[in-house]
Amino acid sequence: MLAQRTSGTRLARMFSMANLRSTPAADGCRMPGEFEPHRGCWMLWPQRPDNWRNAAQPAQRAFVAVARAIARFEPVTVGASAEQRDVAARLLGPRVRVVELASDDAWMRDVGPTCVVSRRGVVRGVDWRFNAWGGLDGGLYFPWDQDARVARRVLEIEGLPRYRAPMVCEGGAIHSDGAGTLLVTEQCLLNPNRNPTLGRQRIENLLKAYTGARTVIWLGDGVWADETSGHIDNLACFVAPGCVLLAYEENRRDPMHRISRDAYERLLAARDARGERLQVVKLPMPGPLYMTAREASGVQRRRGAKRRRAGERLAASYVNFYLPNGAVVMPLLDARKDAAARRILKQAFPDRRIVGVPAREILLGGGNIHCITQQIPLGGGA
């Protein structure tokens with residue numbers, strides 16, 4: 001009995017330590033830049049037939065290609081449902097760890113934890129509230145209860161303490177320079193279908209509290225036709241403190257041009273947390289690209305899920321890449337522009353290997369490589 005009580009006390013203490021009641025900022029934590037070293041990468045396995053065509057088999061092949069590309073540079077873990085775990089393990093191969101993890105879809109960037117690091121290098125995770133990009137007011141599917149539990153489960157598996165944030169946010173809605181500056185868009189975080197009772201200043205204060213940021217740079221709209229209500233990770237990202245890559249459409253007749261131009265002007269006028277101006281590097285947009293009738297016909301219709309339609313514009317962007325240790329895994333989206341995008345990424349990351357992966361099948365589901373991945377930073381403490 002004494003051993004049982006001791007064990008129970010130890011478990012209770014561990015649970016208390018794992019669920020932190022303070023905030024990352026109060027504890028001296030910061031959200032690292034994605035270009036900083038990683039412990040590894042997490043992904044989820046796609047399977048829902050009302051979002052991925054042909055019973056998700058083409059998407060699964062694309063996810064396998066992404067996971068294998070990343071696994072060349074850092075450990076990869078893929079969460080799969082009980083019924084798909086064996087299939088995922090067989091297709092992914094021995095270099096990728098597969099764990100049983102229930103989810104509603106496969107967007108680990110948004111449903112997984114956003115990690116922060118303490119001054120001593122201890123890694124912790126932020127668990128944002130999730131409502132499928134809008135809840136019952138424009139959300140992309142219902143229900144989303146399994147997705148809402150993914151971040152906590154990932155942190156449990158990784159053995160990392162957890163902060164529970166009191167606001168709806170997704171990992172793709174924020175981007176950090178690792179030095180106190182966040183990039184966000186008004187279209188997403190000020191959308192009333194996220195946090196209708198919170199004003200701009202309250203949202204900014206909560207972002208600072210849960211990422212350790214000191215400065216938030218607000219851009220306007222996200223990429224045209226982005227069904228996430230304009231996530232920043234499809235529009236702009238930090239290469240390093242002081243340098244931003246921006247998806248830029250030169251064609252003035254394209255509705256994306258106005259968005260790119262507005263973002264460019266805001267970035268040039270901004271100052272980061274260090275008080276410095278930003279260097280902005282333009283990354284060309286692919287396309288425009290559209291869903292074909294054949295692609296749309298392969299997606300099942302289901303009540304509560306977004307309908308995929310032939311002819312709808314796809315929110316394609318080369319900014320939607322992942323940075324494993326020592327590399328850039330970029331989406332190949334448009335044979336006419338892939339090479340130009342690769343050259344610019346190589347200039348931006350001269351010490352990294354550029355690895356292109358065909359990614360149209362991921363794009364058809366509403367996102368891309370950055371959206372289906374979430375890094376766990378290396379940290380450096382115990």
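Ion pairing between a basic and an acidic side chain is recognised when a charged N comes within 4.0 Å of a carboxylate O; E170 and R194 show such pairing. Remark: R266 engages E186 in a salt bridge, criterion side-chain N to carboxylate O under 4.0 Å. A salt bridge does not link R90 with D86: every distance from a Lys NZ or Arg NE/NH1/NH2 to an Asp or Glu carboxylate oxygen is 4.0 Å or more. Looking at D127 and R152, no side-chain N of the basic residue comes within less than 4.0 Å of a carboxylate O on the acidic one, giving no salt bridge. Using a 4.0 Å cut-off between charged side-chain N and carboxylate O, R39 and E74 make no salt bridge. Here E361 pairs with R53 in a salt bridge; the nearest charged N to carboxylate O distance falls below 4.0 Å. One finds no salt bridge joining E249 and R261 here, because no Lys/Arg side-chain nitrogen approaches an Asp/Glu carboxylate oxygen to under 4.0 Å. Looking at E34 and R109, a side-chain N of the basic residue comes within less than 4.0 Å of a carboxylate O on the acidic one, giving a salt bridge. In this structure, E312 does not pair ionically with R309, as no charged nitrogen and carboxylate oxygen lie closer than 4.0 Å. For D50 and R303, the salt-bridge test fails: no basic side-chain N is under 4.0 Å from an acidic carboxylate O. Salt bridge annotation for E227-R307: absent, with no cationic side-chain nitrogen under 4.0 angstrom from a carboxylate oxygen.
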Requested in this report: Test salt bridge (charged side-chain N to carboxylate O under 4.0 Å, His left out) on R21 and D27 and set out the steps.
Outcome: CA-CA 10 Å; R21 297 183 179 180; D27 293 341; over 6 Å; no
Report task. Evaluate the criterion salt bridge (charged side-chain N to carboxylate O under 4.0 Å, His left out) for residue pair R277 and D272; output intermediate values, then yes/no. Result -> CA-CA 6 Å; R277 294 195 180 277; D272 64 17; over 6 Å; no
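Scanning all heavy atoms of the two residues, the minimum distance from I372 to M108 falls at O-CB, 3.8 Å. The two residues L235 and G222 make their nearest non-hydrogen contact at CD2-CA, 4.2 Å. Heavy atoms only, all atoms of each residue included: Y163 and S22 are closest at CD2-O, 3.4 Å. Of all heavy-atom pairs spanning P161 and L155, the tightest one is O-CD1, 4.3 Å. Across every non-hydrogen atom of M285 and A316, the tightest pair is CE-O, 3.2 Å. What you find for L189 and L207 is that their closest heavy atoms are CD1-CD1, 3.7 Å.
When side chains are defined from C-beta on, Y210 does not count as touching N205, because their heavy atoms never get closer than 4.5 Å. In this structure, the side chains of V281 and I344 come closer than 4.5 Å at one or more pairs of heavy atoms. Annotation: side chain of F321 is not in contact with side chain of H370 (no heavy-atom distance under 4.5 Å). D334 places a side-chain heavy atom less than 4.5 Å from the side chain of L289. The shortest distance between side-chain heavy atoms of S81 and W45 does not fall below 4.5 Å.
The closest donor-acceptor contact from the side chain of T181 to the backbone of D177 lies at 3.5 Å or more, if one exists at all. For N19 (side chain) and R162 (main-chain N/O), no donor-acceptor pair under 3.5 Å exists by modelled atom type. The backbone N or O of G326 lies less than 3.5 Å from no partner atom in the side chain of D351, so there is not a single donor-acceptor pair. Here the side chain of Q60 pairs a donor or acceptor atom with the backbone of P46 at under 3.5 angstrom. With hydrogens and angles disregarded, no donor-acceptor distance shorter than 3.5 Å links the side chain of R30 to the backbone of S118.
Linking Ile, Leu, Val, Met, Phe, Trp and Tyr whenever their side-chain heavy atoms come within less than 4.5 Å leaves V168 and V111 in two separate clusters. One hydrophobic cluster, built from ILVMFWY side chains closer than 4.5 Å, cannot hold both F238 and V116; they sit in different ones. By the rule that hydrophobic residues join a cluster once side-chain heavy atoms approach within less than 4.5 Å of another member, L363 and V299 end up as members of separate clusters. Residues V280 and V184 do not share a hydrophobic cluster, defined by chaining ILVMFWY side chains whose heavy atoms lie under 4.5 Å apart. Residues V78 and V357 share a hydrophobic cluster, clusters being chains of Ile/Leu/Val/Met/Phe/Trp/Tyr side chains in contact below 4.5 Å.
Taking the six-membered ring for Trp and the full ring otherwise, W128 and F130 have centroids separated by 6.0 Å or more. Centroid-to-centroid, the aromatic rings of H38 and Y322 come within less than 6.0 Å. Checked against the 6.0 Å centroid threshold, W52 and F63 count as a close aromatic pair.
For the residue pair D110 / W133, a side-chain donor-acceptor distance below 3.5 Å is found, with atom types taken as modelled. Using a 3.5 Å distance cut-off with no hydrogens or angles, the side chains of W42 and Q375 do not pair a donor with an acceptor. In the model, H257 has no side-chain atom that pairs as donor or acceptor with a side-chain atom of N251 under 3.5 Å.
At least one cation-pi condition fails for R353 and F73: the charged atom is not both under 6.0 angstrom from the six-membered ring centre and inside a 45 degree cone around its axis.
For the side chain to side chain donor-acceptor pair (under 3.5 Å) with Y141, the lone residue among N51, D147, D104 that qualifies is D147.
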